[in-house]
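Heads up, the thing below is written out as structure tokens.
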2 protein chains.
Amino acid sequence: MTAAPPEPDFDRARCSVAGTLAVVGEKWSLLVLREAFLGVRRFADLQRALGAPKAVLTDRLNRLVAEGLLVRVPYRAPGERERHEYRLTDRGRDLHPALVALMQWGDRWLAGDGAPPLALTHRDCGAPVALGLRCAAGHDVGGPREVTATPTGRPAETPDTPAG
Amino acid sequence: MTAAPPEPDFDRARCSVAGTLAVVGEKWSLLVLREAFLGVRRFADLQRALGAPKAVLTDRLNRLVAEGLLVRVPYRAPGERERHEYRLTDRGRDLHPALVALMQWGDRWLAGDGAPPLALTHRDCGAPVALGLRCAAGHDVGGPREVTATPTGRPAETPDTPAG
DNA sequence: CACCATGGTTCGTCAAGTGAACCCAGGGTG
DNA sequence: CACCCTGGGTTCACTTGACGAACCATGGTG
């Protein structure tokens, strides 16, 4: 049942990336969510789309439901027995930027020459969408070097400016 | 040596998320990169910060170097022998948004009450930074439902609007 | 009633992650 | 010169996780 999620052996204290990966960092989890964003809701469809072993898929779905990223919703198609499907919750939907970020990286660095396999456009205006960092003052943030990371409650030591 | 990276068993065709995860989806990879963004460059420091087994860390570093996300740079501290450190490349640095996205999710959904462990601010103005989707026409995109995903080269079928 | 599809579970095998122990190069200390 | 320390690993025994094929239960169809 995957009732009690295991203690994450990542250190959650240092930064939330570890915590998030403790929830969705297992193999297939993020891909299950990707399919959910694409509208795939049923076990068999997920299994076909992903090619993941059924046992693993079962486990990941249970885990994602237990973590509140998906809900299992019963439904009945006309002339079929009751089944259930998996739907994103707000908590799950909020991972959208992370998936888009991973997708953008792949589009940029793995596609090679051709067009990316999936194009995202704004529903309202049709223009392509992209993820970007912006500060509360409205400035676009160019890259990691323009970002200062400060451990909470302490003054900034030597926070960033990584590979010079 | 991890010379030839294994064939990713994810389907890269459907969407780049799979491809990206084939590169950085193994356990610890993204956390290694997180530390790199925080300025940690040396093997022992990474090991201390992450608590990952040395063998795994060795493997992940080799893999990330082989994939071109990190470079191994020799250096010599005064009165010590030559060592080498791992630095982000452009390819690696471009994963910054993905890590920020994962971090933001954790800050939002895992922190509970308190402040997030790490605060990101704009170096130039000090304002907190956040990731957001915007379209090329300049509109802020509110969420996944405002995004249409289109497989390349085909017309949009029933692309999005996931969990109604 | 036999058959089929969905949505799983079980099982044997194989790959991956884990922690402890060990190793090697080079430098510093007595 | 013998000895120890530190960084950056490698090796090994063990546990956990992923894999794929087989099996099963429910309920509708011919």
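In the text below, chain A, chain B and the rest are named by the order of the sequence lines, each starting its count at 1.
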Using heavy atoms to find the nearest nucleotide of DNA chain D for G51(A) and R83(A) separately, return the residue whose nucleotide is more 5′. G51(A)
Once rounded to the nearest 0.5 Å, what's the spacing between atom CG of L88(A) and atom CZ of R41(A)? 9.0 Å
Can a side chain N or O of H84(A) be found less than 4.0 Å away from OP1 or OP2 on dG8(C)? yes
Check: Y75(A)/R87(A) side-chain N/O donor and acceptor closer than 3.5 Å: no
Under 4.0 angstrom between Y86(B) side-chain N/O and dG9(D) OP1 or OP2: yes
DNA chain D: D45(B) or V56(A), which has the more 5' nearest nucleotide? D45(B)
Atom CG of L118(A) and atom SG of C15(B): how far apart are they, to the nearest 0.5 Å? 5.5 Å
Please determine whether a side-chain nitrogen of the Lys or Arg among K27(B) and D59(B) lies less than 4.0 Å from a carboxylate oxygen of the Asp or Glu. no
Using a heavy-atom cut-off of 4.0 Å across all strands, would you classify A55(A) as base, sugar-phosphate, or nothing? base
Separation of E82(A) atom CD from dA5(C) atom C1', in whole Å? 16 Å
Pick base, sugar-phosphate or nothing for R60(B), based on heavy-atom distances below 4.0 Å to the nucleic acid. sugar-phosphate
Counting only distance, no hydrogens or angles, is the base of dG9(D) paired donor-acceptor with the side chain of K54(B) under 3.5 Å? yes
